[in-house]
Amino acid sequence: MKEVIVRKDTSVDIIDSPVPKPGPGHVLIKVVIAGTNPKDWKVPIYYGTEMNTGDDVAGTVEAVGEDVVGFHKGDRVAAFHEMRTPHGTFAEYAIAPYYTTFHIPDSTSFEEAATIPLAAYTSVCALFQELELPEPWSPLSKAAGKEGTKRPLLIYGASTATGAFAIKLAAAANIHPIITVGSKRSEFIKPFLDESKGDVLVDYTDYPTGEELIKAIQEAVKKGGAPDGRCWKAFDSISQDDTIRLVTKAIAGPPDAAGRRPKMTNIYFKTEVEGSDPSVDIVSSMVGQVHYEDENDKLIGITWGAAFARGLREGWFPGHPYTIGKNGLDGLSEGLKGLKDGKIRAQKFLTRVSETPGASDGKLL
């Protein structure tokens, strides 16, 4: 089969590799669409590891390993491959744990499905693991929907896949008001914001300074009906030092009567940032926890994979906007460079593997 090795300069080598075999608890997927994430070009640079860095896939099950339940050859699926392990998704066949593989309905294209796995699981870990917000099936979420309970949430980076999926997940959990920061590129997320519940998209390009943007965010929180006019929890999907500083200042303030402090989470392992507001706890979300050996962590993948499938079927959890590269895996380098240079924004870059020159045309070699 054809497989890509991503180099430190974001160039790619297409090599011939044997088709892998799924071990216990894993599935072999015939890759129809491979999705990309910023980490796909960062891993070779930051870790010095040149490898098949792909982790997002949509395709059909080719084979299953021992102890796999619920999946059979021919099933249409999307999956999150375990990061920095062999047999990634930039290939004709990929391996994924069954507990981060989920069925996709016939009404969902492989392209749409491939935009979901890693980014959506990242948003799950941010909102429901680190920020400890109630899941959509929680009695607290159900009560909030009936009673109009205000549970404000700030999401910075509405155009990113992780930010956009977080908005959809928060809405599904009756978390409002959702105060999200984006730009004109973020218009696609507006259908998932409920203005009647205080949700609003704050366009950061309308504010010349960070101080003015912070004030606009705080005013949006108050206008949204947040208790005491405060927002206690935030997810920064951009996760740069300057955005972390800004987000902490936007939710800064004294602890509540029980001693709980405002909390924000990011996705780049940053818990201390110079200049951030000291009244806010900064935590980091690690999507890799869904692949930990602990059985409870595996349940995160299984449970939310089922939720993603249901959301696709019912329409409340569609995929992210995307663009498709040319020439299959041969065009992957162009997409990775576009992500690195910021030329591809508010979109997922996808690859149709069958368009790769020399691909096996669906024959298992």
Residues at least two apart in sequence or cross-chain that pass side-chain hydrogen bond (donor to acceptor under 3.5 Å, both in side chains) with Ser285, listed by chain then number, are Thr265

Across all chains, not counting sequence neighbours, the ring pair (Phe, Tyr, Trp, His ring centres under 6.0 Å) partners of His176 are none

query: In terms of hydrophobic clusters joined by side-chain contacts under 4.5 Å, are Tyr292 and Leu118 together?
result: yes

Hydrophobic cluster membership, with links at side-chain heavy-atom distances under 4.5 Å among I/L/V/M/F/W/Y: are Phe80 and Ile95 in one? no

Inset, instruction - Output yes when a side-chain donor or acceptor of Asp194 lies under 3.5 Å from a complementary backbone atom of Ser196, and no otherwise. - result: yes

For residues 41-76, the ring-ring contact (aromatic ring centres under 6.0 Å, His included) pairs (sequence neighbours left out) are Phe71-His103

Separation between OG1 (Thr10) and CZ (Arg7), nearest 0.5 Å, reads 12.5 Å

Those residues at least two apart in sequence (or on a different chain) that pass side-chain hydrogen bond (donor to acceptor under 3.5 Å, both in side chains) with Asp277 are Ser279

Contacts of Phe90 meeting ring pair (Phe, Tyr, Trp, His ring centres under 6.0 Å) (sequence neighbours excluded), chain-then-number -> none

- Item | Salt-bridge present (Glu334, Lys337; N to O < 4.0 Å) | no

Are the side chain of Thr356 and the backbone of Gly328 linked by a donor-acceptor contact shorter than 3.5 Å?
-> no

With sequence neighbours left out, the residues meeting side-chain hydrogen bond (donor to acceptor under 3.5 Å, both in side chains) with Ser11 are Asp9

inquiry  = Can a side-chain donor-acceptor contact be found between Asn37 and Asp56 if the only test is distance below 3.5 angstrom?
reply    = yes

Students should find that the hydrophobic cluster of Ile282, defined by side-chain heavy atoms under 4.5 Å apart, otherwise consists of Leu154, Tyr156, Ile179, Val181, Val200, Val202, Tyr204, Tyr207, Leu213, Ile214, Ile217, Val221, Ile238, Ile244, Leu246, Val247, Ile251, Met264, Val273, Val280

Rounded to the nearest 0.5 angstrom, the CG-CD distance for Asp297 and Glu295 is 9.5 Å

Rounding to 0.5 Å, atoms CG (Leu332) and OG1 (Thr351) come to a distance of 4.5 Å

Indicate every side-chain donor-acceptor pair of residues 301-308 with a distance under 3.5 Å to a residue at least two apart or in another chain.
from	atom 1	to	atom 2	distance (Å)
Thr303	OG1	Leu299	O	2.8

* Asked: Are Leu153 and Phe165 co-members of a hydrophobic cluster defined by side-chain heavy atoms under 4.5 Å apart?
  -> yes

Main chain of Gly259, side chain of Asp256: is a donor-acceptor contact present, judged purely on distance under 3.5 Å? yes

* **Pair Lys222-Glu219, salt bridge (Lys or Arg N to Asp or Glu O under 4.0 Å): steps then yes or no** => CA-CA 5 Å; Lys222 294 176 182 177; Glu219 289 177 349; over 6 Å; no

**Prompt:** So, is the end of the Lys168 side chain (NZ or CZ) under 6.0 Å from the ring centre of Phe192 and within 45° of the ring's axis?
**Reply:** yes

SG of Cys231 to CD1 of Ile155, rounded to nearest 0.5 Å, is 9.5 Å

* Test: Glu62 and Lys73 ion pair at under 4.0 Å -> yes

Correct closest heavy-atom pair for Gly59 and Phe110 would be O-CE2, 3.3 Å

Between Ser237 and Thr160 the two heavy atoms that sit nearest each other are OG-OG1, 2.8 Å

Test the Arg310-Phe317 pair against the cation-pi criterion, namely NZ or CZ under 6.0 angstrom from the six-membered ring centroid and within 45° of the ring axis.
no

Checklist entry - Hey, does the side chain of Ser159 reach the backbone of Ala346 with a donor-acceptor pair shorter than 3.5 angstrom? => result no

OG1 (Thr122) and NZ (Lys39) are apart, to the nearest 0.5 Å, by 10.0 Å

Value for CD (Gln347) from OG1 (Thr323), rounded to nearest 0.5 Å, stands at 5.0 Å

Residues pairing under ring-ring contact (aromatic ring centres under 6.0 Å, His included) where one sits in residues 213-269, two or more places apart or in two chains, turn out to be none

Between side-chain atoms of residues 130-138 and protein atoms elsewhere (two or more places apart, or another chain), which donor-acceptor pairs fall under 3.5 Å?
from	atom 1	to	atom 2	distance (Å)
Ser138	OG	Leu140	N	3.1

Sequence neighbours excluded, the answer for salt bridge (charged side-chain N to carboxylate O under 4.0 Å, His left out) partners of Glu212 is none

Applying side-chain hydrogen bond (donor to acceptor under 3.5 Å, both in side chains) to Lys21 and not counting sequence neighbours gives none

